[in-house]
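Report on the following structure.
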Amino acid sequence: MAQISADLGAGELVAGASVLSRPAEEYVNDPSVEAMWVSKAVDHAEVYFNILCSVDPKILRLTAHDDEILKSFRADFPDLKVDVLNEEEMKSPEGKAKWREFCEKFKDMIEDYNFGTLLRLDAKGEYSEANTMLSTRIQFYAIELARNKEGLNDSIRDNFKPSRTKKS
């Protein structure tokens with residue numbers, strides 16, 4: 001089993017990110033691996049939010065497969081309100097089953113489709129403890145693509161400014 005020191009700095013965490021591609025069973029609640037997942041998810045959230053603060057979300061492309069993701073999402077979840085997400089509904093047994101089926105469609109198309117990603121609950125707000133849930137990468141893409149297309153992220157540029165990212 002791969003062992004990762006618990007006292008890694010940010011640079012080492014980023015350098016060790018490739019280790020995360022190994023089977024999850026090898027890590028059995030290893031806190032250092034959890035720290036790497038969190039670090040990568042936070043970095044992703046910060047970059048994405050800074051982009052929303054800087055460009056018109058309607059022209060933003062998140063993947064090479066945006067149109068297919070959005071079309072499939074709206075076919076599978078035609079009535080899902082993406083302005084303010086209901087985390088309990090998404091994570092209910094029925095919600096999990098429906099989302100699992102959706103996510104698996106993109107297994108061979110989207111790299112890290114099931115990677116843990118932070119998702120804002122309310123499209124008008126920034127990432128915060130109260131406004132963030134953990135989702136898969138493909139759920140993030142589907143919901144954020146819908147928000148961008150439907151104009152729900154438009155107010156971000158007016159209400160927030162990009163933050164300076166920390167250099168390791």
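All values below were derived from every heavy atom in this structure, side-chain atoms included, with hydrogens, water molecules and symmetry-related copies excluded.
With rounding to the nearest 0.5 Å, the separation of CG in L118 from CE in M133 is 10.0 Å. Residue N153 holds its CG atom at 4.5 Å from CG of N148, rounded to the nearest 0.5 Å. Atom CD in E68 sits 12.0 Å away from atom CG in L145 (nearest 0.5 Å). If you take CE on M109 and OG1 on T63, they are separated by 8.5 Å, rounding to the nearest 0.5 Å.
Between I156 and A123, the shortest heavy-atom distance links the atoms CD1-O, 3.4 Å. Looking at every heavy atom in both residues, F49 comes nearest to G125 through CE1-O, 3.9 Å. Shown here for A45 and Y127, the closest heavy-atom pair between the two residues is O-CE1, 3.5 Å.
Y141 places none of its side-chain heavy atoms less than 4.5 Å from the side chain of H65. Taking 4.5 Å as the limit, some side-chain heavy atom of I143 sits within range of a side-chain heavy atom of L119. Side-chain contact between Y48 and L60: present, with at least one pair of heavy atoms (C-beta onward) separated by less than 4.5 Å. Within the 4.5 Å cutoff, the side chain of L134 has no heavy atoms near those of the T117 side chain. Taking the side chain as every heavy atom from C-beta outward, Q139 and F73 never approach each other to under 4.5 Å. Using a 4.5 Å heavy-atom threshold, the side chains of F106 and S72 count as touching. A 4.5 Å side-chain heavy-atom check between I138 and K105 finds every atom pair outside the cut-off. Side-chain atoms of D56 and I59, non-hydrogen and from C-beta on, do get closer than 4.5 Å to each other.
Under the 4.5 Å side-chain heavy-atom criterion for Ile, Leu, Val, Met, Phe, Trp and Tyr, V84 and M90 are members of distinct hydrophobic clusters.
The environment of NZ in K98 is crowded: more than 12 heavy-atom neighbours from other residues, nucleotides or ligands sit within 6.0 Å. Around atom NZ of K91, more than 12 heavy atoms belonging to other residues, nucleotides or ligands sit under 6.0 Å away. Residue-environment remark: NZ (K71) stays at or below the threshold of 12 foreign heavy atoms within 6.0 Å.
With sequence neighbours excluded, no residue forms a side chain to side chain donor-acceptor pair (under 3.5 Å) with N86. Applying the side chain to side chain donor-acceptor pair (under 3.5 Å) rule to S54 yields no partners; only residues at least two apart in sequence or on another chain are considered.
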Problem - Intermediate values then yes/no, side chain to side chain contact (heavy atoms under 4.5 Å, CB included), D154 and K58 - result: CA-CA 8 Å; D154 289 354; K58 288 186 181 85; 2.4 Å; yes
Practice task
Could you go through the side chain to side chain contact (heavy atoms under 4.5 Å, CB included) check for V82 and L152 one step at a time?
Solution key: CA-CA 8 Å; V82 295; L152 299 170; 3.5 Å; yes
Problem - Check against side chain to side chain contact (heavy atoms under 4.5 Å, CB included), N114 and R137 - result: CA-CA 5 Å; N114 63 349; R137 179 72 47 95; over 6 Å; no
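For F115 and H44, the ring centers are positioned 6.0 Å apart or more.
Using a 3.5 Å distance cut-off with no hydrogens or angles, the side chains of Y113 and E104 do pair a donor with an acceptor.
R157 places no side-chain N or O within 3.5 Å of a backbone atom of L52 that could act as its donor or acceptor partner. A donor-acceptor pair is defined here as one N or O able to donate and one able to accept, closer than 3.5 Å; such a pair exists between the side chain of D66 and the backbone of L62. In this structure a side-chain-to-backbone donor-acceptor pair under 3.5 Å is present from R74 to F77.
The stretch residues 111-127 participates, sequence neighbours left out, in these salt bridge (charged side-chain N to carboxylate O under 4.0 Å, His left out) pairs: R120-E144.
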